[in-house]
Amino acid sequence: MTAAALPSPLRIGLSRGALELKVFLRERAAVIFTLGMPAILLLIFGTIFKGEVGRTGVDFRQYIAAGIIASGIMSTTFVSLGITIAQERDDGTLKRLYGTPMPRAAYFIGKTIAALVLSLLETVVLFVLGSLLFGLKPPSTPERWLTFAWVFVAGVTVCTLLGIAISSVPRSGRSAAAVLNVPYLVLQFISGVYYTFSDLPSGVQQVGALFPLKWISQGLRSALLPDTLLAAEPAHSWEHGRTGLVLAAWGVAGLVLCLTTFRWKRRRDA
Amino acid sequence: MSTVRWTRESPDHRSRTGRIAATLGGMNDTAVRVRDLRKRYGDVDAVNGVDLDIHRGEVFALLGPNGAGKSTTIEILEGHRRRTGGEVSVLGTDPGRPTRKWRGRLGIVPQTSNEQPELSVREIVAHFAGYYPRPRNVDEVIEAVGLTDKAGARLAHLSGGQRRRVDVALGIIGDPELLFLDEPTTGFDPDARRRFWRLIEGLAHGGTTILLTTHYLDEAEALADRVGVIAGGRVVEVGSPLELGGRATATARVGWLGPEGRQVLETDSPTQVVAELSQKFDGEVPELTVTRPTLEDVYLTMIGETR
Ligand SMILES: Nc1ncnc2c1ncn2[C@@H]1O[C@H](COP(=O)(O)OP(=O)(O)OP(=O)(O)O)[C@@H](O)[C@H]1O
Ligand SMILES: [Mg+2]
């Protein structure tokens, strides 16, 4: 028999990405919950708060909008991925895939593609809402667009890797939502999503600065909000270099965790 | 086949002579070879020294009570579970070290599974086809499992038996050389079961090696070239469904309605008895039956002895 070539991982990965998106968009509850939740939060916080950030002339609601876009990325990647993968492990979907010649990488490529597209969708929804209601403006210069792009891509990548990695932590699919939401909620509050970061107690700021969400929020603010805001930023600088370093470090850590701890089977199926 | 098959002969049963001859030709060509396979879960020996040889082109059925170790054995062969001990070779590869290429030659229908309910039958089958180097035609496979009418329906809207047929479709879409089926027909209606048998016969005629488990002895009898009975993690006996447990040579029972009522005679030469009866009654023997133990009788005796 002549061996026909196995289809390439990239091709299967793309087809998995399309499939994942199709499945996601057909689950109405998931669409509303995942995409709608940050939008609702934006509406709530945008209505409760008013005024400007310090004396920077920046509308506080725009500050929050940038933060919620960052936390929206984390929701569509880290939280949503972590939960669905844990469920897929529990219901045997992963085991089924493991039994086919699908290359492992294709599964992760598919998840990453789906996460990128959903995050983009989420960002557009939040941005449109923010600009209609709170006057949020698109990046004003090409450099700022570039900043927006790299922070977005790095943020999505890091949170995707961490979501895949953490999916192996919950013992079952049912407990996954609880396990995933704890770090998500805590990080939102210590990363300056709903408050001005520099208003947080300094101990909290230091803890927050250890995790990616703070840096993604700050990076997005640097792309979307004017430099007058720098007066209210902790370092009085956008710290792009440090943002890149922290995200790169988390990306590497996430990748290593994915490669070393990912399980295709339930614990009892070893 | 010259042996008379008793009352349970199924109408669509086909002679497997041609295939068996083909199998004999390549007898040394083993698809699955298992020696002293062991699997422990904690302090339970789920599989406790199983030996098994499955030839290429053969249909082999594993029978055994719940918890006997059938699924554990199959999942080790599929590369899903790690073994505690023993030697295993599946299509020449150790399933403990699976490769993509090797996976592409296998088809797996697990005992339980759970596909994306949001996808349609055609979508999921077509997607899985994309994993394999040489998949079968998607619509043909859907037709083969009898889901053509439901090809556009989402899995969420299928009945239990229909969803099971999707599992079978996903197992054969890659046109496997070796197909594992763990209780494939659970939940099938009688008609679907017959259709499934024909599908399996077709695959077997095409040269696919098949290892299946089942709790339906008529299924094993209709499909399998050889049957292995496994109980308590050990193989109790291996043989053709007709010979298992000395069934072929077991005493036959000839029954008829005599002048004094129902008569039963146990004999090793039923043909002669029937001939004599025929002479005595001068033609038709009233309510004549000739029976041998069914596979089920033999199986139950065998399992009873291991308890
Ligand atoms: N993951 C596991 N952890 C612990 N014990 C297990 C596990 N899987 C199976 N067992 C035990 O191993 C034994 C064999 O199980 P297995 O699933 O192989 O049986 P089976 O022959 O397929 O049964 P059935 O006909 O019910 O499907 C059983 O006693 C079962 O309780
Ligand atoms: Mg089983």
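Just so we're on the same page: letters track the sequence lines, and every chain starts at 1.
Taking chain A as the reference chain and counting heavy-atom pairs below 4.5 Å, the highest number among E78(B), E115(B), R154(B) is found for R154(B). Ranking A106(A), P103(A), S15(A) against chain B, the residue ahead of the rest is P103(A), based on heavy-atom pairs under 4.5 Å.
Within a 6.0 Å radius of CZ in R35(B), other residues, nucleotides and ligands contribute more than 12 heavy atoms. At most 12 heavy atoms of other shown residues, nucleotides or ligands fall within 6.0 angstrom of atom CZ in R174(A). With a 6.0 Å radius and a threshold of 12 heavy atoms from other residues, nucleotides or ligands, R38(B) has its CZ atom above the threshold. For CZ of R40(B), the number of neighbouring non-hydrogen atoms (other residues, nucleotides, ligands) closer than 6.0 Å is greater than 12.
Taking CZ from R103(B) and OH from Y98(A), the interatomic distance works out to 5.5 Å, rounded to the nearest 0.5 Å. Here N114(B) contributes atom CG and Q87(A) contributes atom CD; the two are 10.5 Å apart, rounded to the nearest 0.5 Å. Residue L19(A) holds its CG atom at 6.5 Å from CD1 of I124(B), rounded to the nearest 0.5 Å. Expressed to the nearest 0.5 Å, how far CZ of R134(B) lies from CG of L6(A) amounts to 10.5 Å. Here OH of Y132(B) is found 10.0 Å from CD1 of I12(A). Values are rounded to the nearest 0.5 Å.
Closest of all the heavy-atom pairs between M102(A) and R100(B) is C-NE, 4.4 Å. Between G130(B) and P7(A) the shortest heavy-atom distance is O-CG, 3.2 Å.
No part of P117(B) comes within reach of chain A, as not one of its non-hydrogen atoms sits under 4.5 angstrom from that chain. Of the two parts of S120(B), only the backbone, made up of N, CA, C and O, holds a non-hydrogen atom closer than 4.5 Å to a non-hydrogen atom of chain A. For F180(B), no part lies under 4.5 angstrom from a heavy atom of chain A. In this structure, the portion of Q116(B) lying under 4.5 Å from any heavy atom of chain A is its side chain and not its backbone.
Using a cut-off of 4.0 Å between Lys/Arg side-chain N and Asp/Glu carboxylate O, K265(A) and E75(B) are scored as not salt-bridged.
With Y131(B) as the aromatic partner, R16(A) does not meet the cation-pi criteria of under 6.0 angstrom to the ring centre and within 45 degrees of the ring axis.
The backbone N or O of L119(B) lies less than 3.5 Å from no partner atom in the side chain of K22(A), so there is not a single donor-acceptor pair. R96(A) places a side-chain N or O within 3.5 Å of a backbone atom of I108(B) that can act as its donor or acceptor partner.
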